Amino acid sequence: MSDGHNFRLGIIGSGKGSNAAAIADACASGLIPAQVALVISDIPDAGVLQRARERGLPAVFIPPGKFRSKLEGPAEAAWVRALQEARVDLVALAGFMRILKDGFLRAFPQRVVNIHPALLPAFPGLEAWKQALEYGVKFTGVTVHFVDQGVDTGPILAQRTVPVLPGDTAATLHARIQEAEREVYPATLAALARGAVRVEGRQTLWD
Ligand code: GRF
């Protein structure tokens with residue numbers, strides 16, 4: 001699928017792929033001036049691969065190696081090689097459940113971004129919507145950030161608040177958060193693809 005845009009996105013994910021689908025659709029509609037060059041998953045039958053293939057996008061499972069929660073060693077090298085061969089300009093994590101290490105991040109300096117389902121630095125790590133619900137906050141939200149060597153610690157690109165409503169369950173809150181994700185992530189990737197974001201230390205400035 002060619003849409004005439006030269007900026008090339010790689011998407012990596014482990015889950016059902018709602019963010020990946022929103023990003024792919026935003027590329028197809030021209031909202032993001034980019035094309036999805038490759039989708040990779042560490043789970044052979046992940047929804048994210050399915051949703052990419054339905055859209056005619058190249059989507060592959062690449063074995064994640066021997067570790068359970070990180071990508072390292074020969075597996076990391078294989079993932080980097082695939083993304084480099086696809087000539088990606090930016091790697092977007094979309095529900096990717098592994099920690100990326102130095103080797104990967106050095107291959108794509110300041111070119112890896114993630115969406116996190118909370119207002120960082122609150123509730124980093126897993127199931128952030130559950131953490132927010134259990135803590136009792138009245139607002140949580142979403143954060144798009146650059147990926148660095150920490151867990152959910154890189155410079156923040158964009159955030160949006162989402163209310164926690166009376167009677168919310170983990171599922172209803174997560175669904176509301178995911179609605180926000182599907183808007184904020186494509187809008188941020190569009191700004192990055194346009195070259196409209198400058199980074200100064202931890203500050204990111206949108207033109
Ligand atoms: C999203 O809530 C994202 O914030 C988190 O994992 C979930 C992935 O969902 N990192 P999907 O695979 O994009 O549907």
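Whatever order the structure lists ligands and atoms in, that order sets their numbers, starting from 1. Keep in mind that what you see is a predicted model, and the values were worked out from it rather than measured.
Side-chain contact annotation: Gln50 with Glu54, donor-acceptor N/O pair under 3.5 Å present.
Within the structure, the closest approach of Gly17 to ligand 1 falls below 4.0 Å when heavy atoms are considered. In this structure, Ile115 counts as a contact residue of ligand 1, since one of its heavy atoms falls inside 4.0 Å of the ligand.
Protein heavy atom nearest atom 14 (O) of ligand 1, with residue, atom name and distance: Ser18 OG, 2.6 Å. Of the protein's non-hydrogen atoms, the one nearest atom 9 (O) of ligand 1 is Gln178 NE2, 3.0 Å. Of the protein's non-hydrogen atoms, Pro117 CD, 4.0 Å is the one closest to atom 5 (C) of ligand 1.
Checking side-chain atoms of Thr140 against main-chain N and O of Val162 turns up no donor-acceptor pair under 3.5 Å. At distances below 3.5 Å, at least one donor-acceptor pair connects side-chain atoms of Arg53 with backbone N or O atoms of Ala59. Of the possible polar contacts, one joining the Thr204 side chain to the Ile156 backbone as a donor-acceptor pair under 3.5 Å is found. Side chain of Arg98 to backbone of Lys70: a donor-acceptor contact under 3.5 angstrom is found.
For the pair His116 and ligand 1, the shortest N or O to N or O distance does not fall below 3.5 Å.
The closest side-chain heavy-atom distance from Val91 to Leu83 is below 4.5 Å.
Interface of His174 with ligand 1, defined as ligand atoms under 4.0 Å from a residue heavy atom, comprises 2 (O). Contact atoms of ligand 1 toward Glu181: 1 (C), 2 (O), 3 (C), 4 (O) (distance under 4.0 Å to a heavy atom of the residue).
Note on ring orientation: taking the six-membered ring where Trp is involved, the planes of His116 and His145 are perpendicular (angle over 60°, cut-offs 30° and 60°).
Within the set Gly95, Gly15, Ala128, Ala22, the minimum heavy-atom distance to atom 6 (O) of ligand 1 is found for Gly95.
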